[in-house]
Every structure is written in structure tokens, then in C-alpha cells.
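Read through the structure below, which is laid out as C-alpha cells, and then see the notes.
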Amino acid sequence: MMNMNMIMMRGGVGVLFGSNNEIVRVRNKGSRIIKRKGVVVARSSLKSEADVIVIGSGIGGLSCAALLARYEQDVLVLESHDHPGGAAHCFDVKGGYKFDSGPSLFSGLNSRGPQANPLGQVLDALGESVPCATYDSWMVYLPEADFLSRIGPTEFLNDLDKYGGGKSAVEEWKKLLDAVIPLSTAAMALPPLSIRGDLGVLYTAAARYGPSLFNTFFQMGPQSALRSTQLLKPFSQILDSLELKNPFLRNWIDLLSFLLAGVKSDSILSAEMVYMFAEWYKPGCSLEYPLHGAGAIVDALLRGLDKFGGRISLQSHVQKIVVENDRAIGVKLTSGQFIRAKKAVVSNASMWDTLKLLPEQLVPKSYSDRINTTPQCESFMHLHLGFDAKDIRSDLGIHHIVVNDWERGVDADQNVVLISVPSVLSPNLAPLGKHVLHAYLPGTEPFELWEGLDRRSAEYRNLKAQRSEVMWRAVERALGPGFKREKCEVKLVGSPLTHQRFLRRNRGTYGAAMQAGKDTFPGHSTPIPHLYCCGDSTFPGIGVPAVAASGAIVANSLVSVSQHSQLLDAIGI
């Protein structure tokens with residue numbers, strides 16, 4: 001992984017953070033801390049207790065843990081994988097090819113202030129940043145045409161005029177922006193970092209931001225204020241209220257919704273889409289990609305965790321959450337070690353995987369029934385490639401989106417392929433003159449096709465070849481005739497079983513398939529006292545900003561209102 005070397009030692013796990021990707025061998029010296037160039041840290045021991053134990057090092061778990069460390073809590077992150085980052089981790093292959101395993105579309109990573117991206121607010125609180133390249137477009141390959149789509153308030157109008165039905169589509173898009181952009185002020189008026197899970201929220205959020213929120217509604221005018229009441233309802237209701245009927249436009253909005261949260265506009269919260277429109281369709285907006293890959297986000301959170309004295313242990317698989325006297329008191333690892341949590345246990349695992357860690361007889365039936373009946377998004381197919389750049393066109397962009405058939409819906413299996421070529425903006429992710437590419441079917445691959453297969457069998461290999469073909473064809477379409485699959489130096493195909501195995505996701509799922517207006521993501525507390533949850537199984541839901549917000553909410557809930565308020569003062573929100 002870029003900027004990170006894992007050092008395995010007897011008796012414990014060492015974690016090394018460095019800017020030059022050096023390989024350093026460290027002998028096990030108990031709890032010794034080794035520093036290099038001011039930011040390199042290795043720890044080899046695993047203490048038997050902490051104030052808070054966080055299970056899982058996804059962005060939600062790391063956001064929670066790093067903020068808790070900043071709040072002067074003794075926090076320990078336990079990660080079963082040998083790479084931190086969960087679905088956002090990166091990995092190296094074959095002499096210098098560095099791949100993202102998950103998210104590749106980012107914005108607002110370095111935004112600051114009350115209306116900043118939640119992850120930007122977390123990084124600000126930690127005093128960390130993520131150097132990024134910026135860009136403003138992606139290639140789309142649609143049934144109507146192939147074209148370069150640009151973000152911003154007016155750039156998309158030409159595409160609509162040419163491919164989306166002409167003047168009617170343009171007028172409907174303008175109507176949508178006129179209605180939605182003012183709503184973003186209301187949607188972003190309450191900074192995510194101000195929220196906590198107890199009555200202290202009346203002070204840190206309601207009292208602190210209530211007056212400005214009231215002024216926002218007052219200045220919006222009656223029509224926009226009325227429409228803002230739909231922020232917690234499906235975005236399709238806003239589209240219907242505006243009488244937007246253009247088929248291309250409705251399909252496009254479904255695609256944006258699907259990219260953001262894995263569901264169409266009839267299931268996504270309006271607040272999420274309004275926030276996205278504010279980041280992508282306001283004047284001067286841009287998209288971002290971390291210069292050292294998506295793993296640079298993980299690195300920044302880990303630096304913040306270490307800076308404030310937090311700890312992380314890799315290859316430390318939690319076997320169960322230990323409950324005594326009806327409260328969570330710690331965890332037991334598969335190694336047999338018990339680690340006590342003096343204050344709380346926080347699970348960054350999915351709701352289904354967290355349930356498996358709990359003693360069945362101590363879990364209220366209503367809680368387990370809700371989890372077991374919560375619908376799941378499907379899983380993923382992944383294609384990671386490393387290849388020579390010399391035969392690929394020089395104007396290749398970072399992102400490509402292929403939609404094969406609008407009629408089937410963007411959430412249909414084998415229909416939408418997302419392609420990221422991050423080495424276009426960050427050449428250090430590949431050897432000189434090479435490219436890395438990540439293509440995937442985003443949360444649409446049925447797990448049932450794969451369930452029970454032996455990963456070593458010919459049947460499994462044949463199914464991977466069959467189900468990955470749609471990605472190969474999409475890559476060939478995006479990269480042009482110069483690309484030859486047989487010349488790729490790296491070819492990795494990941495299935496739902498890969499997703500399940502390496503990310504420890506129940507059935508390899510993308511997450512809960514909640515329908516806005518009908519279902520709600522659960523909060524962060526559980527029926528087991530002192531056990532909390534964060535990540536994409538909790539409010540606000542799926543996506544990088546959402547999981548960062550969930551981690552922050554849990555961290556805030558575990559400290560006093562005074563400490564929470566001091567943090568808000570320190571970052572000026």
C-alpha cells in the first residue's frame with residue numbers, strides 16, 4: 001500500500017507509516033514505539049485494555065477512533081486484514097502497481113468550515129490533509145452516445161441539448177438546479193461534526209446552529225422552505241413535484257443517485273442528493289483524486305490516530321464481543337486474547353457481521369429480527385489491470401461510466417460498469433510508462449450465483465471469466481483499439497466471494513438497501529449498553545462522507561458536551 005509498510009513480528013503486529021515507502025525491519029521490543037522522520041511509528045505489542053475498542057479500520061471506524069484519540073481517549077483499532085482501510089484500502093501488485101479496492105470518486109476532501117464534507121471536517125479536526133489532483137469531467141458511454149460530461153452549473157447543458165432531447169431537457173435541468181441549489185444551504189446548515197447521539201445534541205447542534213438554520217429557512221422563501229421538508233424523503237418526490245418528465249434527465253439522475261449510494265432516485269434521501277448537487281453543480285466546483293491513491297485518505301486518518309496516541313493492530317480478528325452484566329466489556333480475538341474496553345466497544349463491521357459477534361441469547365429478538373430482515377444491496381465484480389500506456393490514447397481521462405441499457409435500470413446486474421484509471425492523475429501509482437485500472441460492477445452482482453463455490457475449482461474460474469466479460473468489453477470500449485487484454489501485465493478478477501473474504505462483508509454486500517421514506521438507517525447505539533456501531537449500516541448510510549459522519553457522531557457521543565464543543569470551536573464551525 002502506498003505510504004505504508006506492514007511489519008509482522010512474533011508476539012504482535014507492527015504498523016509503519018512513512019512517506020518514502022521504505023521497508024524497515026523492527027524487532028519485537030514489547031511496547032516500544034519506534035519513530036522515523038517524525039511520522040513513522042511502529043508498535044509491536046497489544047495491551048490488554050483500552051478506553052474504547054473499535055472493530056474494523058474502514059473510514060467510519062478510523063474517523064471514530066482518530067477523533068476519540070484527539071479527545072484524549074485511549075483507543076485501540078482492531079483490524080482483521082493485513083491492510084487498514086476496509087473497503088477503501090489499497091494494495092500493491094507485481095513491482096509497483098498500486099490499486100484502489102473500493103471508492104474512486106471523491107470531492108470535498110480538503111473542504112473546511114461549517115458546510116464542508118464530513119470527511120473534510122474530520123481531517124480538519126485531526127490537523128491532516130490529503131493532497132489531491134482536481135478535474136471536472138468523466139467520460140460516459142450511454143445508449144444515446146459517448147461523450148465527455150462536465151460538472152458545474154452550465155457545462156452539462158450542452159450535453160442535454162445534444163443527447164437528452166434538446167430544449168425541454170435543458171429547461172428541466174435549469175428548473176432542477178434552481179430548486180435544489182438553494183436547498184443545499186438548508187441541508188448543509190448543520191455541520192455533521194456537531195451531531196452526537198444523546199441529549200447533548202441540543203447544545204452542540206440545536207442551540208449552536210439553530211439561529212443560523214432558522215435564518216436560512218427565513219431567507220429561502222416559502223416555496224424553497226416548503227420543499228426543504230422533503231429532505232428526508234426520496235429525491236424522486238422532488239423531481240415529481242417539479243414535474244420533470246424528460247426520460248434522459250430522469251435516467252441521468254438515477255445514475256448519479258446510484259453512484260452516490262447504490263440506489264436509484266426513488267430510494268435515496270433527498271438530503272444526500274442535494275448535498276451532491278451542491279458539490280458537483282455549483283460554480284467553481286471540481287472533483288478530486290488523492291495524489292497517492294485512495295489509500296492516502298486512510299493514511300491521513302492513521303496519522304491523526306497516531307498523532308493523538310491512538311493504536312491500531314492489524315491481523316487481529318475479533319471472534320466475539322464479550323458481554324457481562326448485560327453490557328459490552330471488551331472483545332475476544334481468535335488468538336484467544338481478551339481485551340477489555342473500559343468505556344465502550346464500537347463496531348465498524350456491517351450490521352449483519354456485528355450481529356454474528358454477539359451472544360445470541362443476549363440479543364433482543366426485535367433487534368436481531370430487524371437486522372436479519374433488512375434488505376441488502378448485491379455484491380461486486382472487480383477487474384484490476386496493469387498495462388503499458390504507450391498504445392493508449394494520450395487524452396485518456398480518469399473516470400469512465402458505461403451504461404448498457406437504460407430500460408433495465410442502472411441497478412440491474414451486468415448493466416453499469418465503472419472504470420477508474422487513477423494513474424492518469426497520479427502517475428506514481430504505476431511503474432514508469434504504465435497505467436493501473438480498476439473496473440467494477442457496483443453493488444449489482446448477485447451473491448446467489450457464487451454462494452457455496454470452491455474458490456479453487458474450475459467452476460469458480462469459469463464463472464469469473466464469464467461474469468467479468470462485461471467489464472473487459474467496457475474497458476476495451478473506454479480505452480480504444482490500442483488496448484489489448486492479452487498484453488496486460490496484471491489481471492485480477494474479484495468476485496463476491498473475494499469481496500466477502502477480504503472485506504469481511506456479509507454475502508459480499510455493498511450495504512443495506514434502504515428505501516428513503518420507508519426505511520431508515522439505524523442510529524449508533526444498540527440494545528447492548530456500551531456497544532455502538534458506525535459505518536454504512538448506520539445513519540447517514542452508504543458513501544465516504546456518510547461513513548465519516550457516522551464515525552464522528554459515535555466519537556462525539558462518547559465524550560462530554562464540553563469536550564465536543566471545544567473541538568467545534570477549535571476548527572471554527
Side-chain angles (χ1 to χ4, degrees), residues 60 103 105 107 117-118 172 175-177 179-190 192 195 197 205 213 217 220 223-245 249-281 350-352 370-378 409-412 416 442-444 509-524 533-550 553:
L105 192 62
S107 61
N117 183 303
E172 285 195 5
K175 187 177 182 180
L176 177 62
L177 291 185
V180 166
I181 296 301
L183 290 182
S184 66
T185 305
M188 302 166 73
L190 194 65
I195 302 173
L213 188 59
F217 280 105
M220 286 171 65
Q223 189 173 24
S224 293
L226 180 62
R227 193 169 286 124
S228 68
T229 63
Q230 296 178 303
L231 287 174
L232 297 181
K233 296 180 180 179
F235 191 61
S236 59
Q237 290 191 10
I238 290 181
L239 305 181
D240 294 340
S241 70
L242 294 169
E243 298 183 342
L244 304 185
K245 302 182 184 300
L249 191 62
R250 297 293 293 240
N251 285 331
W252 182 261
I253 294 169
D254 271 347
L255 178 62
L256 295 179
S257 171
F258 188 68
L259 295 176
L260 183 62
V263 292
K264 296 191 292 188
S265 61
D266 61 357
S267 296
I268 193 171
L269 281 177
S270 293
E272 289 188 74
M273 284 295 282
V274 166
Y275 188 92
M276 183 275 295
F277 269 85
E279 289 206 329
W280 291 8
Y281 292 107
S350 77
M351 62 171 74
W352 305 280
R370 177 179 181 179
I371 291 174
N372 288 326
T373 57
T374 297
Q376 296 181 7
C377 295
E378 296 291 0
V410 294
D411 55 352
V416 173
T444 59
T509 183
Y510 183 37
M514 298 291 190
Q515 285 189 291
K518 296 181 181 179
D519 306 305
T520 57
F521 279 93
H524 307 91
C533 294
C534 67
D536 62 13
S537 286
T538 64
F539 177 83
I542 293 173
V544 170
V547 297
S550 76
I553 292 169

Side-chain touch Tyr281/Leu176, heavy atoms, less than 4.5 angstrom: no
Lys518/Asp266 ion pair, N-O < 4.0 Å: no
Side chain Ser550, main chain Gly535, donor-acceptor under 3.5 Å: yes
Short side-chain to backbone donor-acceptor contact, Thr509 and Cys377, under 3.5 Å: yes
Distance in Å, Ile553 CD1 paired with Ile195 CD1, rounded so as to fall on 0.5 Å steps: 5.0 Å
Any side-chain heavy-atom pair of Tyr510 and Pro442 under 4.5 Å: no
Exam field: side chain Ser257 to backbone Val263, donor-acceptor pair closer than 3.5 Å: yes
Backbone N/O of Asn372 and side chain of Trp352: donor-acceptor pair under 3.5 Å: no
Verdict with reasoning, Phe277 to Leu177, per side chain to side chain contact (heavy atoms under 4.5 Å, CB included): CA-CA 8 Å; Phe277 269 85; Leu177 291 185; 3.7 Å; yes
Verdict with supporting geometry, Met276 and Val180, side chain to side chain contact (heavy atoms under 4.5 Å, CB included): CA-CA 10 Å; Met276 183 275 295; Val180 166; over 6 Å; no
Whether Ser270 side chain and Pro234 backbone form a donor-acceptor pair below 3.5 Å: yes
Min side-chain heavy-atom separation Phe521-Leu269 under 4.5 Å: no
Short side-chain to backbone donor-acceptor contact, Thr374 and Arg370, under 3.5 Å: yes
Audit row: Lys264, Val410, side chain to side chain contact (heavy atoms under 4.5 Å, CB included) steps and yes/no: CA-CA 8 Å; Lys264 296 191 292 188; Val410 294; 3.7 Å; yes
Gap between atom CG of Asn117 and atom OH of Tyr275 - 0.5 Å precision: 4.0 Å
4.5 Å side-chain heavy-atom contact, Ile253 and Leu239: yes
